[in-house]
Number of protein chains: 2
Amino acid sequence: MNTLSYGLLGLVARKESSGYDLMLRIQPFWQAKHSQIYPLLASMEDKQLLSSYWVQQNDKPDKKIYAITEKGLQKLREWMYQPIAPAVTKDELSLRTFCLWLAEIGVAIDIYEDRRSIYTEKKRFFENILEGIPEDSREFGSKTFSNYILATKGLMLAETELKWCDWVLSLLKQHQSSSSGQS
Amino acid sequence: MNTLSYGLLGLVARKESSGYDLMLRIQPFWQAKHSQIYPLLASMEDKQLLSSYWVQQNDKPDKKIYAITEKGLQKLREWMYQPIAPAVTKDELSLRTFCLWLAEIGVAIDIYEDRRSIYTEKKRFFENILEGIPEDSREFGSKTFSNYILATKGLMLAETELKWCDWVLSLLKQHQSSSSGQS
DNA sequence: GGGCCCATGTAACTTGTTACATGATTAG
DNA sequence: CTAATCATGTAACAAGTTACATGGGCCC
């Protein structure tokens, strides 16, 4: 069982869901495609950690709902006592930043403005989630406590990234104006 | 050519380096093992984007230093005009947080305290880097400008993660004391 | 004497991506 | 009429990890 499998198991444990829905809900924390998720769910069903049933829908394709089994819940509880792997971040922007010295300043500004708008959107995304969590669902012990603290983290990080973009842009624009007319 | 290859090319372009050194320097921005990096460097040499020579050392194993070629530099410049992929983050802690409702509060506290000390260390790491960058090496155009803005970002993010851990811990401890004696 | 750092490399495996395959409904 | 969303799945490939392999110097 890999980490993603446990993540899916954890989501199903809180609320039975379709593979498609799990794929969407796990995105903010673990970017995985449906083509990776569907086979994992199937193999967890083979191992009897999950059970499933089909739900017919009109106007939409039918969906397969997964629920956690007692065995799956047991497996999840054990997982809670295992050591936690450090976070892995892979951001092409950082690698691109290594090479900023060989780009024109206009290109550099475009790069960080693009990133700025991505994080503005991300900030809004987490703000919306937080607005949807009522005060009485924010205490430890409730299943939504996780949502509350994770959305808060997402928001805080998005704000920090935004602040950084603004700061970088201010440095770049300052340089641009101070050296205007020199080229 | 994948993203990691361009990242390595970008580092070599700023300073010729051994594979081992590149492996260490790229860690904060792209976690890759030496077993992935060495073959990539070899294949880039095959494509004549890099050249190499051996340096003999006493007391340490000999090392192979890579330098960028004109063709490699050309390739890097082209890369600067390509679209940038969004950041990918995979943090087991987030997935573990989904399942907090089925853990005891003591276990939860341990988890976030562990993470707290990791980010305290990370903060120090970036602070040290920043201290090593003199004022006059912080302007756009210099190769160290990248180091300056990336280290600043690393520091800002580490501080945010730290603040979040502290906040989560305060919620957990508050809950712990308010419900003490109830179990 | 045990373990870490330096330094390079390969082999076997797992994880993750892209592309293929299907198809109805809805919004612009 | 074009694209997106919902919904599931597989096949081929690329990316990344773990383990194997070697070996001197240094610190405790």
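Naming convention: chains lettered A, B, ... in sequence-line order (proteins, then strands); numbering from 1 in each chain.
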Please report the distance, rounded to the nearest Å, between [atom1] in [X] and [atom2] in [N].
{"X": "A/Gln36", "N": "D/dC13", "atom1": "CD", "atom2": "P", "result": "19 Å"}
{"X": "B/Lys33", "N": "C/dT8", "atom1": "NZ", "atom2": "P", "result": "18 Å"}
{"X": "A/Leu8", "N": "C/dG16", "atom1": "CG", "atom2": "P", "result": "11 Å"}
{"X": "A/Met23", "N": "D/dT8", "atom1": "CE", "atom2": "P", "result": "9 Å"}
{"X": "A/Gln31", "N": "D/dG16", "atom1": "CD", "atom2": "P", "result": "14 Å"}
{"X": "A/His34", "N": "C/dT17", "atom1": "NE2", "atom2": "C1'", "result": "11 Å"}
{"X": "A/Gln56", "N": "C/dA24", "atom1": "CD", "atom2": "P", "result": "16 Å"}
{"X": "B/Asp62", "N": "C/dT8", "atom1": "CG", "atom2": "P", "result": "9 Å"}

Choose from [options] the nucleotide whose nearest atom is closest to any side-chain atom of [X].
{"X": "B/Lys63", "options": "C/dT10, D/dT10, C/dA7", "answer": "C/dA7"}
{"X": "B/Trp54", "options": "C/dT8, D/dT8, C/dA19", "answer": "C/dT8"}
{"X": "B/Tyr38", "options": "D/dC6, C/dA7, D/dT10", "answer": "C/dA7"}
{"X": "A/Tyr20", "options": "D/dT5, C/dT15, D/dA19", "answer": "D/dT5"}

- When you check the phosphate oxygens OP1 and OP2 of D/dG23, does a side-chain N or O of B/Lys60 lie under 4.0 Å from one of them? no

Any luck finding a side-chain donor-acceptor pair between [X] and [Y] under 3.5 Å?
{"X": "A/Ser52", "Y": "A/Glu45", "result": "yes"}
{"X": "B/Ser17", "Y": "B/Arg25", "result": "yes"}
{"X": "B/Thr97", "Y": "B/Tyr112", "result": "yes"}

In this structure, NZ of A/Lys71 is separated from CG of A/Leu49 (nearest 0.5 Å) by 6.0 Å

What N/O pairs connect the protein and nucleotides 26-28 of chain C at under 3.5 Å? Give each pair on its own line.
none

5'-most contact on DNA chain C (nearest-nucleotide basis), A/Pro61 vs B/Lys64, goes to B/Lys64

The residue, A/Trp30 or A/Asn58, whose nearest nucleotide of DNA chain C is more 5′ is A/Trp30

Ring centroid separation B/Phe98 to A/Trp79 under 6.0 Å | no

Under 6.0 Å between ring centres: does that hold for A/Tyr148 and B/Trp167?
yes

A/Glu16 side chain vs A/Val12 backbone, donor-acceptor pair below 3.5 Å
no

Discussion item. Using a distance-only criterion (donor-acceptor N/O pair, under 3.5 Å, no hydrogens), is the base of D/dT8 paired with the side chain of A/Ser18?
Written reply: no

